[in-house]
Amino acid sequence: MSLELPFDNSYARLPDRFYTRLSPTPVAKPGLMALNRGLADRLGLDAEALASEAGLAALAGNELPGGADPLAQVYAGHQFGGWSPRLGDGRAILLGEVVAPDGKRFDIQLKGSGPTPYSRMGDGRAWVGPVLREYIVSEAMAALNVPTTRALAAVTTGEPVHREEPLPGAVLTRVAASHIRVGTFQYFYSQNDHKALCDLVAHVIARHDPEAETALDVLQGVVERQARLIPKWMGVGFIHGVMNTDNMTISGETIDYGPCAFMDGYHPMRVFSSIDAQGRYAFSRQPDVALWNLTQLAQSLMPLIDDVEGAQGAIDRFPELFRAAWLSVFRAKLGLLTEVDGDAELIQGLLQIMAKGEADFTNTFRALGDDTARDQVMDREAFDAWHDLWTARLAKEEATPETRAEVLNRTSPALIPRTHRIEEAIVAAVSGDLGKFQRLNDALSTPFAAPGDFADLARPPTPEEAVPQTFCGT
Ligand code: AMP
Ligand code: MG
């Protein structure tokens with residue numbers, strides 16, 4: 001018996017030119033690496049059924065679950081600033097959408113499920129490394145309260161994937177509020193397809209902006225969501241690494257965990273991606289890139305917006321929305337519950353001290369909670385001077401030290417998915433041991449708790465352990 005899922009496929013009801021209908025390519029021998037039971041429950045899916053043989057066949061793309069309407073979505077995008085007129089799901093297939101018990105709608109997508117008309121030179125496959133990396137990092141982001149796509153399952157295919165060497169193949173089941181990107185709008189704009197742009201706006205309103213009425217409202221909604229998202233990344237030291245317009249969602253969720261990384265040592269210009277030679281997507285450039293991408297979205301929506309000044313105004317609001325959200329994230333990280341002029345300078349003051357000597361981003365902020373941050377930084381004198389300013393500022397707060405410690409520990413995690421730990425878990429998984437992967441996921445499901453038995457995962461890498469670069473990992 002094949003798996004039944006309660007699908008209701010609104011994207012598949014859009015006109016044909018939004019996608020290509022096709023099924024996943026079956027694989028030799030599916031094996032379950034991970035099933036996210038908590039997420040299954042949240043979606044109203046039966047975890048036991050997903051873990052069954054029929055479930056495994058569905059998660060590997062070998063059997064279509066009942067109610068699925070599989071398709072590959074088309075989109076375009078600017079990659080590192082260069083225009084690609086047609087990208088699309090080259091290694092992913094949308095099975096369909098489910099409506100969770102709370103009424104929220106989610107895409108269920110297989111990633112690594114075989115070639116599509118958008119694969120270009122690619123094989124449509126993924127190997128175990130990037131599948132597990134996306135699983136770990138996207139689930140960690142969710143636990144860190146950062147809007148993100150989620151990972152429902154990871155399965156092995158029993159087939160090799162050929163990169164520089166043969167590697168074990170895998171398929172990730174990705175869950176997202178939708179997979180609509182800035183690049184989806186760009187595609188139809190570049191095709192002069194006015195009707196499709198109208199349909200897409202109506203679809204986005206239904207899914208993400210029920211209060212919106214016009215294309216301008218949709219633009220404003222995306223601007224607001226991205227202005228809230230990027231500060232959340234920055235608050236946990238996250239570098240996306242490949243903020244191309246096809247990797248920026250309309251929903252405001254983080255998507256596409258390719259060459260991303262959480263910083264260990266802080267530096268505002270930190271870059272990990274091996275292909276980002278210019279540092280276009282460096283840590284502190286992320287808000288500027290977001291604005292650049294949103295400007296592309298605005299341009300793509302212009303055929304539907306008469307109010308040119310309104311569109312310009314929506315874009316112009318981004319810096320101030322970003323700044324307000326950034327302040328709110330970092331104020332909380334200093335234990336500040338009120339707003340006072342000069343808070344931005346106080347925050348920057350600490351970041352500058354951290355940048356000198358590249359203090360560990362996560363551990364320095366976490367150490368503010370028990371007032372041991374001085375041990376984390378190199379320039380102790382500068383830190384002491386900053387600490388006096390911080391103490392004076394805290395005196396203006398009514399919160400008790402207990403409340404403050406609670407706020408600090410709730411906003412600055414003890415644990416993040418450190419790149420060297422992810423790599424270690426992947427190496428073990430490839431040799432058949434999923435223990436490290438499972439332990440890392442376990443630990444990262446409560447990143448704000450005292451690490452306890454997971455203290456080793458809070459330790460920054462030694463120079464020998466450090467992984468200086470991440471790869472696009474396709
Ligand atoms: P990304 O940089 O991961 O956002 O991918 C950019 C484009 O390349 C998207 O259209 C992907 O679907 C496509 N792509 C990436 N890897 C593969 C692959 N192994 N096979 C086919 N298409 C791929
Ligand atoms: Mg992508």
Side-chain angles (χ1 to χ4, degrees), residues 141-147 220-221 223-238 252 262-263 266 268 283-284 286-288 290-291 316-356 359-377 379-416 446-450:
M141 290 285 265
L144 290 164
N145 303 317
V146 182
Q220 280 164 344
V223 169
E224 284 165 18
R225 289 190 286 275
Q226 290 295 336
R228 280 196 299 271
L229 177 65
I230 311 292
K232 289 190 177 183
W233 289 358
M234 297 177 81
V236 292
F238 178 76
F262 283 74
M263 272 187 291
Y266 171 70
F283 178 73
S284 62
Q286 296 182 117
D288 294 340
L291 177 58
D316 290 345
R317 263 180 76 223
F318 179 84
E320 93 198 48
L321 290 173
F322 168 80
R323 189 175 160 81
W326 184 89
L327 272 170
S328 127
V329 166
F330 279 88
R331 272 197 182 104
K333 289 177 82 69
L334 294 194
L336 307 177
L337 302 173
T338 60
E339 300 176 10
V340 170
D341 280 349
D343 286 349
E345 290 71 21
L346 187 67
I347 298 163
Q348 290 296 358
L350 177 59
L351 288 170
Q352 274 160 19
I353 293 166
M354 288 166 61
K356 249 195 273 168
D360 188 79
F361 184 89
T362 304
N363 292 352
T364 304
F365 276 106
R366 180 74 176 190
L368 292 176
D370 60 10
D371 218 354
T372 56
R374 185 179 198 269
D375 304 339
Q376 297 285 332
V377 301
D379 188 344
R380 303 272 156 93
E381 245 172 77
F383 183 83
D384 290 341
W386 178 85
H387 194 273
D388 288 345
L389 297 174
W390 186 44
T391 308
R393 172 63 183 84
L394 289 175
K396 295 183 187 154
E397 299 267 317
E398 274 173 25
T400 62
E402 291 73 33
T403 320
R404 181 172 312 129
E406 204 254 323
V407 170
L408 288 168
N409 287 342
R410 153 154 73 75
T411 39
S412 288
L415 296 177
I416 48 151
T446 53
F448 298 104

Listed partners of [X] passing side chain to side chain donor-acceptor pair (under 3.5 Å), at least two apart:
X      : answer
Thr411 : none
Asp379 : Lys356
Arg374 : Asp384
Thr446 : none

Query raised in the report: Atom CH2 of Trp386 and atom CD of Gln348: how far apart are they, to the nearest 0.5 Å?
Result: 12.0 Å
**Report entry** Reported CG-to-CE distance for the pair Leu351 and Met354, which is rounded to 0.5 angstrom
**Finding:** 5.5 Å
Report task. Begin with the C-alpha distance, continue with both residues' side-chain angles, and end with the deciding distance and a verdict on side-chain contact (heavy atoms from CB on, under 4.5 Å) for Trp233 and Met141. Result -> CA-CA 9 Å; Trp233 289 358; Met141 290 285 265; 3.7 Å; yes
Just by modelled atom types, is the [Y] backbone N or O under 3.5 Å from a matching donor or acceptor in the [X] side chain?
X      : Y      : value
Thr391 : His387 : yes
Gln286 : Phe283 : yes
Trp390 : Leu346 : no

Requested in this report: Output, in order, the C-alpha distance, side-chain angles, deciding distance and verdict of side-chain contact (heavy atoms from CB on, under 4.5 Å) for Leu350 and Leu368.
Outcome: CA-CA 11 Å; Leu350 177 59; Leu368 292 176; 4.0 Å; yes
Requested in this report: Check each of Arg225, Gln226, Glu224, Arg228 against Leu321 using the side chain to side chain contact (heavy atoms under 4.5 Å, CB included) test, and report the only one that passes.
Outcome: Glu224
Report task. Tell me, with the steps shown, if Leu291 and Asp288 meet side-chain contact (heavy atoms from CB on, under 4.5 Å). Result -> CA-CA 5 Å; Leu291 177 58; Asp288 294 340; 5.7 Å; no
**Report entry** Residue Arg380 excluded, over 12 heavy atoms near CZ under 6.0 Å
**Finding:** yes
Requested in this report: Could you tell me how the ring of Phe361 sits relative to the ring of Tyr266: parallel (under 30°), tilted (30 to 60°) or perpendicular (over 60°)?
Outcome: tilted
Query - Pair Phe322-Val223, side-chain contact (heavy atoms from CB on, under 4.5 Å): steps then yes or no - result: CA-CA 9 Å; Phe322 168 80; Val223 169; over 6 Å; no
Report summary line: Correct closest heavy-atom pair for Asn145 and Pro147 would be O-CD, 3.8 Å
Let me have the donor-acceptor pairs involving side chains of residues 323-340, under 3.5 Å, with sequence neighbours excluded, atom names and distances please.
residue : atom : partner : partner atom : Å
Arg331  : NE   : Asp343  : OD2          : 2.5
Arg331  : NH2  : Asp343  : OD2          : 3.3
Lys333  : NZ   : Gly235  : O            : 2.7
Lys333  : NZ   : Ser412  : OG           : 2.9
Thr338  : OG1  : Arg393  : NH2          : 3.3
Thr338  : OG1  : Glu397  : OE2          : 2.5

**Report entry** Any pair counted as salt bridge (charged side-chain N to carboxylate O under 4.0 Å, His left out), so long as it reaches residues 398-410, sequence neighbours left out
**Finding:** Glu406-Arg410
